Amino acid sequence: MSTPGTIDGTAPLQHVSPSVFCEHCPTRLVLDRLSDKWVVLVLARLSESPMRFNQLRRDIEGVAQKMLSQTLKKMERDGLIERRAFATVPVTVEYSITPLGLTLAKKIIEITHWAEENIGQVLAAQARYDTKQQVS
């Protein structure tokens, strides 16, 4: 359980100008969240339309049910997504992106496109590096 007034329950929010380069700045916790591939993929999917849990799990190949559940809870706490339960049997839960999440998703989608467009060059660079390391 997280402590009120903190991002992850450990670092108190401070009333100073945020700087990602300061060791104790809470923005670093946000950057940690953004460097999580599951957060990136969930944001990209939810930017298209609201989705139910199982649809997200099917669309994001390789994510475990527990990991997706934890990711969604963290994102909801951060205000990036919204969880909506419908009174059905069984209960239907739908996730949607918030306006804050949408501002981030726009930037993240650019990064995912960059990754898709440049993976060939990255893999080639890795192969060159690995070859040099084996020779040394």
Side-chain angles (χ1 to χ4, degrees):
M1 169 86 33
S2 295
T3 306
T6 68
I7 290 187
D8 72 352
T10 59
L13 296 176
Q14 299 175 5
H15 298 287
V16 295
S17 296
S19 172
V20 295
F21 297 102
C22 291
E23 181 179 4
H24 300 291
C25 184
T27 56
R28 287 201 177 178
L29 298 169
V30 174
L31 291 177
D32 282 343
R33 184 88 70 239
L34 301 179
S35 64
D36 181 332
K37 68 182 169 192
W38 303 123
V39 169
V40 169
L41 297 173
V42 167
L43 274 176
R45 271 298 178 241
L46 291 180
S47 71
E48 297 169 359
S49 68
M51 291 186 160
R52 294 182 183 173
F53 182 90
N54 285 327
Q55 184 62 48
L56 279 167
R57 198 173 71 175
R58 282 190 297 272
D59 282 3
I60 302 171
E61 296 178 8
V63 67
Q65 182 172 338
K66 182 178 179 182
M67 180 56 67
L68 180 57
S69 179
Q70 291 172 347
T71 300
L72 290 167
K73 286 177 184 176
K74 290 174 186 177
M75 292 174 70
E76 183 181 9
R77 184 166 187 267
D78 290 344
L80 301 175
I81 64 169
E82 199 171 72
R83 180 184 186 271
R84 200 165 137 206
F86 298 92
T88 58
V89 179
V91 174
T92 302
V93 177
E94 183 179 82
Y95 295 91
S96 59
I97 197 162
T98 63
L100 177 63
L102 193 55
T103 63
L104 179 58
K106 289 176 182 176
K107 300 194 180 311
I108 283 185
I109 289 168
E110 290 179 32
I111 293 169
T112 62
H113 289 164
W114 181 92
E116 291 169 341
E117 292 166 3
N118 293 286
I119 187 60
Q121 292 179 59
V122 171
L123 292 173
Q126 290 174 349
R128 286 190 304 274
Y129 178 87
D130 293 346
T131 300
K132 284 183 197 176
Q133 294 304 309
Q134 291 173 358
V135 171
S136 316

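The structure displayed is predicted, hence computed values, not measured ones.
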Query - Neighbour count >12 (heavy atoms, 6.0 Å) for atom CD, Glu76 - result: yes
Query raised in the report: Do other residues, nucleotides or ligands put more than 12 heavy atoms under 6.0 Å from the CZ atom of Phe86?
Result: yes
Query raised in the report: How about Leu34 and Leu104: do any of their side-chain heavy atoms sit closer than 4.5 Å?
Result: yes
Query raised in the report: How long is the span from the CE atom in Met67 to the CD1 atom in Ile60, to the nearest 0.5 Å?
Result: 12.0 Å
Query raised in the report: Is there side-chain contact between Arg28 and Asp32, with at least one heavy-atom pair below 4.5 Å?
Result: no
**Report entry** Nearest heavy atoms of Phe53 and Gln65, plus distance in Å
**Finding:** CZ-O, 3.6 Å
Query raised in the report: Is it true that Phe21 and Leu31 fall in one hydrophobic cluster, defined by side-chain heavy atoms closer than 4.5 Å?
Result: yes
Report summary line: Scanning both residues in full, the closest heavy-atom pair of Asp78 with Arg33 reads OD2-NE, 2.5 Å
Query raised in the report: For Val91 and Ala85, which heavy atoms make the closest approach, and how far apart are they?
Result: CG1-CB, 4.1 Å
**Report entry** Arg52 side chain near Thr92 side chain, heavy-atom distance below 4.5 Å
**Finding:** yes
Requested in this report: Might you work through the side chain to side chain contact (heavy atoms under 4.5 Å, CB included) test for Ile111 and Lys107, ending with a clear yes or no?
Outcome: CA-CA 7 Å; Ile111 293 169; Lys107 300 194 180 311; 5.7 Å; no
Query raised in the report: Between Val63, Asn54, Leu41, which is the residue that forms a side chain to side chain contact (heavy atoms under 4.5 Å, CB included) with Leu68?
Result: Val63
Report summary line: Smallest heavy-atom separation, Cys25 atom then Ser19 atom, equals CB-O, 3.1 Å
Query raised in the report: Say you draw a straight line from CG of Leu43 to CH2 of Trp38; how long is it, rounded to the nearest 0.5 Å?
Result: 14.0 Å
Requested in this report: Enter the distance from Glu116:CD to Thr112:OG1 here, rounded to the nearest 0.5 Å.
Outcome: 5.5 Å
Query raised in the report: If you measure from CE on Met75 to CG on Leu100, what distance do you get to the nearest 0.5 Å?
Result: 10.5 Å
Query raised in the report: What's the spacing between Met51 CE and Leu56 CG if we round to 0.5 Å?
Result: 6.0 Å
Query - Shared hydrophobic cluster for Ile109 and Leu102 (ILVMFWY, side-chain gaps under 4.5 Å) - result: no
Report task. Tell me, yes or no, whether the heavy-atom count around Gln133 atom CD, taken from other residues, nucleotides or ligands under 6.0 Å, exceeds 12. Result -> yes
Query - Nearest-0.5 Å distance that lies between atom CG in Leu72 and atom CG in Leu80 - result: 11.0 Å
